[in-house]
Every structure is written in C-alpha cells, then in structure tokens.
Enquirer: 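The structure follows.
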Protein chains: 2
Amino acid sequence: MILDIKKVERISKALGDPYRLKIMEMIKKQNDNWMQCACIADNIDLAQSTISHHINQLVDADLLIAEKDGRNAKYMVNKEVVTAYVNFLNQLKG
Amino acid sequence: MILDIKKVERISKALGDPYRLKIMEMIKKQNDNWMQCACIADNIDLAQSTISHHINQLVDADLLIAEKDGRNAKYMVNKEVVTAYVNFLNQLKG
DNA sequence: TTTATATATTTAAATTTTTCGATGTATTCT
DNA sequence: AGAATACATCGAAAAATTTAAATATATAAA
C-alpha cells in the first residue's frame with residue numbers, strides 16, 4: 001500500500017498530539033487488539049466530546065479501524081497503514 | 001536509540017505539514033545527502049522567514065542535521081532519528 | 001571598511017486546532 | 001413506550017500554529 005503525500009500529512013498530524021499517541025499506545029496493548037471507546041475514555045482526563053474528536057482524527061487518518069457493536073464502539077490499530085507510513089519514512093533515508 | 005513520547009510527538013508534528021514534508025523529500029533526493037538552505041528556499045513559494053521557521057522545526061525535532069558553512073547553511077536527513085521513529089511506530093503494531 | 005548576501009529572530013495578524021458544554025442520535029433496558 | 005447509556009456532532013471560546021514584513025546578525029566580497 002502506497003500513501004500519497006496528503007495522507008502522510010494526515011497521519012503525521014494525527015500522531016502529533018500527546019492524547020492521540022496515548023490512545024494509540026493503549027489500543028496496541030490490548031490482548032485481542034480491540035479496545036472499547038468507553039475504556040479509552042476511562043483512561044483519559046478530557047471531556048467525552050474531546051476524546052471523540054481525537055479518536056475521529058485517528059480514524060480519519062486510517063490509523064484506527066472502527067467497528068460498531070450495538071451502542072458501543074471499538075477500535076483497533078490499522079497495521080497495514082502503520083506499515084505503509086513506515087515505508088514512506090524509510091524512503092526518507094535515501 | 002529510543003525516543004521518549006514527547007520526542008515522538010515533536011517528530012510527528014514536524015512531519016504534519018506539507019511544506020515540511022516537501023523539505024524532507026527534497027533533501028533526501030540530494031546526491032551527497034546535504035542540501036543548501038538557499039536551494040530549499042528556491043523550491044518553496046513562501047517568505048524566507050517562514051521557510052526558516054519550518055526548517056527550524058525539523059531541526060528541533062532532530063529530523064534534520066544542520067551545518068553552517070560560512071554564511072550558508074546546509075541540512076541533511078538524520079537517518080538515525082528516522083530509524084528510531086520507525087521503531088516506535090513498529091511497536092504500535094503489537 | 002563599506003556593501004552585499006544568507007540566514008535567523010521578532011512581532012503581529014490570520015488561520016487552525018483543541019477543548020468543552022449542550023444537544024442529537026441510536027441502542028439497550030425496564 | 002419511556003428512561004438510560006454510549007457515542008457523535010455542533011457551536012463557541014481558548015490556545016497553538018502559520019505566515020510574512022521588518023529587523024538583526026554574521027559572513028563574504030569589493
């Protein structure tokens with residue numbers, strides 16, 4: 001998968017915030033890879049709407065895969081996109 | 001080299017702008033790895049002070065190594081930091 | 001040593017991002 | 001159906017970032 005430059009910008013921007021980095025790290029630590037939205041919110045000291053906004057940016061950048069489960073939402077790290085981003089970065093090394 | 005989370009944030013933020021991404025890509029394409037500041041400026045349609053500001057953010061994040069050569073400045077991609085950033089990202093995959 | 005050149009810094013305006021309260025929507029529970 | 005729960009969206013204020021003009025600094029050239 002090859003990312004266009006606009007997508008690389010979106011991904012970088014999404015990762016350029018301490019709360020969003022924390023969300024990514026929290027989700028990666030989950031056993032079955034998925035993490036419930038409510039559980040993320042429990043671990044971050046921000047208003048619910050703000051957390052929703054942050055998660056949205058990560059989903060928009062395709063760094064997270066979202067899934068609805070009744071009235072709950074759960075998220076998973078999109079490994080394919082992380083890999084594609086890493087590939088872009090490795091190119092910067094020549 | 002292991003990056004702390006604040007550093008990862010700085011690097012991500014630095015890469016989250018189209019002009020700064022363009023600068024990184026331009027520099028990587030140089031034959032001897034170094035690129036003159038004036039040459040960067042020639043290829044970007046922004047005020048000199050703005051370009052200086054952008055380069056500064058890349059240097060602050062340690063994505064670029066700066067060197068002074070008389071009244072000129074030249075820059076090189078810091079491969080070690082890019083590698084460390086890539087390592088952090090790979091961890092996000094579990 | 002005056003002048004020109006290359007880059008950095010300062011200041012301030014414009015834009016974008018972050019944040020939260022209020023409200024909306026969809027789903028589950030009673 | 002009505003109440004409660006989980007999450008999303010809207011609107012507005014606060015904070016951070018981007019931008020450029022003006023100015024400063026340091027080096028090279030004449």
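A note on names: the letters A, B, ... follow the listed sequences, proteins ahead of strands, and every chain is numbered from 1. From a predicted model like this one, the values you see are computed outputs, not experimental measurements.
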Enquirer: Ignoring hydrogens and angles, answer whether the base of D:dA8 and the side-chain atoms of A:Q48 contain a donor-acceptor pair closer than 3.5 Å.
Expert: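 When only heavy-atom distances are counted, A:Q48 does reach the base of D:dA8 through a donor-acceptor pair under 3.5 Å.
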
Enquirer: Counting only side-chain N and O atoms of B:K68, is one of them less than 4.0 Å from OP1 or OP2 of C:dT7?
Expert: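 So the side-chain polar atoms of B:K68 never come under 4.0 Å of the phosphate oxygens OP1 or OP2 of C:dT7.
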
Enquirer: Please state how far atom NE2 in A:H54 lies from atom P in D:dT9, giving the value in whole angstrom units.
Expert: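 Checked: the NE2 to P distance equals 16 Å.
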
Enquirer: Taking atom P of C:dT18 as reference, at what distance in whole Å does atom NZ of A:K22 sit?
Expert: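 Rounded to the whole Å, the gap is 17 Å.
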
Enquirer: Can you check the A:I44 CD1 to C:dT19 P distance for me, whole Å?
Expert: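 Going from A:I44 (CD1) to C:dT19 (P), I get 10 Å.
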
Enquirer: CD of A:Q57 versus C1' of C:dT17: gap in Å, rounded?
Expert: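 Roughly 8 Å, once rounded to whole Å.
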
Enquirer: In terms of side-chain heavy atoms of A:R71, which of D:dA20, C:dT18, C:dT28 is nearest?
Expert: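 Of the options given, the side chain of A:R71 lies nearest C:dT28.
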
Enquirer: Between B:K29 and B:E25, does any NZ, NE, NH1 or NH2 come within less than 4.0 Å of an OD or OE carboxylate oxygen?
Expert: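 Result for this pair is no, no salt bridge flagged.
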
Enquirer: Side chains of A:S12 and A:Y85: donor-acceptor distance under 3.5 Å anywhere?
Expert: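 Yes, A:Y85 and A:S12 have a side-chain donor paired with an acceptor closer than 3.5 Å.
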
Enquirer: D:dT18 phosphate, OP1 or OP2: any side-chain N/O from B:R20 under 4.0 angstrom?
Expert: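 So the side chain of B:R20 is within the cut-off, an N or O lying under 4.0 Å from OP1 or OP2 of D:dT18.
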
Enquirer: Take the protein atom CG of A:D45 and the nucleotide atom C1' of C:dT18, then report the distance between them rounded to whole Å.
Expert: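 Checked: the CG to C1' distance equals 15 Å.
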
Enquirer: Kindly say if A:T50 contacts the phosphate of C:dC20, meaning a side-chain N or O under 4.0 Å from OP1 or OP2.
Expert: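 Yes, within the criterion.
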
Enquirer: For the side chain of A:N72, starting at C-beta, report the closest nucleotide among C:dT7, C:dT19, D:dC7.
Expert: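 Taking heavy atoms from C-beta onward, the closest nucleotide is D:dC7.
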
Enquirer: Hey, is CD on B:E80 packed in by over 12 heavy atoms from elsewhere, all under 6.0 Å?
Expert: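 No, CD of B:E80 has 12 or fewer neighbouring heavy atoms, counting only those of other groups under 6.0 Å.
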
Enquirer: Separation of B:L15 atom CG from D:dT17 atom C1', in whole Å?
Expert: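 Taking atom C1' of D:dT17 as the reference, CG of B:L15 is at 16 Å.
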
Enquirer: Within the 4.0 Å heavy-atom criterion, would you say B:L46 contacts the bases, only the backbone, or no part of the nucleic acid?
Expert: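 If one applies the 4.0 Å heavy-atom cut-off, B:L46 turns out to touch the sugar-phosphate alone, with no base involved.
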
Enquirer: Is the shortest side-chain N to carboxylate O distance from A:K13 to B:D17 below 4.0 Å?
Expert: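 Here A:K13 does not pair with B:D17 in a salt bridge, since their nearest N and O are not under 4.0 Å apart.
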
Enquirer: More than 12 heavy atoms of other residues, nucleotides or ligands under 6.0 Å from CG of A:D32: is that the case?
Expert: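 Correct, the count exceeds 12.
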
Enquirer: Hey, which of these two, A:G70 or A:G16, hits DNA chain C nearer its 5' end, going by closest nucleotide?
Expert: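 Checking each residue's closest nucleotide, the 5'-ward one belongs to A:G16.
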
Enquirer: Return the value, rounded to whole Å, for the distance between atom NE2 of A:H53 and atom C1' of D:dG11.
Expert: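 The answer, rounded to whole Å, is 13 Å.
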
Enquirer: Which listed nucleotide (D:dA20, D:dC7, D:dT18) is nearest to the side chain of B:S49?
Expert: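 Ranking D:dA20, D:dC7, D:dT18 by closest atom to the B:S49 side chain puts D:dA20 first.
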
Enquirer: Which nucleotide, C:dT18, D:dC7, C:dT7, lies nearest any side-chain atom of A:D17?
Expert: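 Looking only at side-chain atoms, A:D17 lies closest to C:dT18.
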
Enquirer: I need the CG-P distance between A:N56 and C:dT17, as an integer number of Å.
Expert: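 Rounding to the nearest Å, CG of A:N56 and P of C:dT17 are 14 Å apart.
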
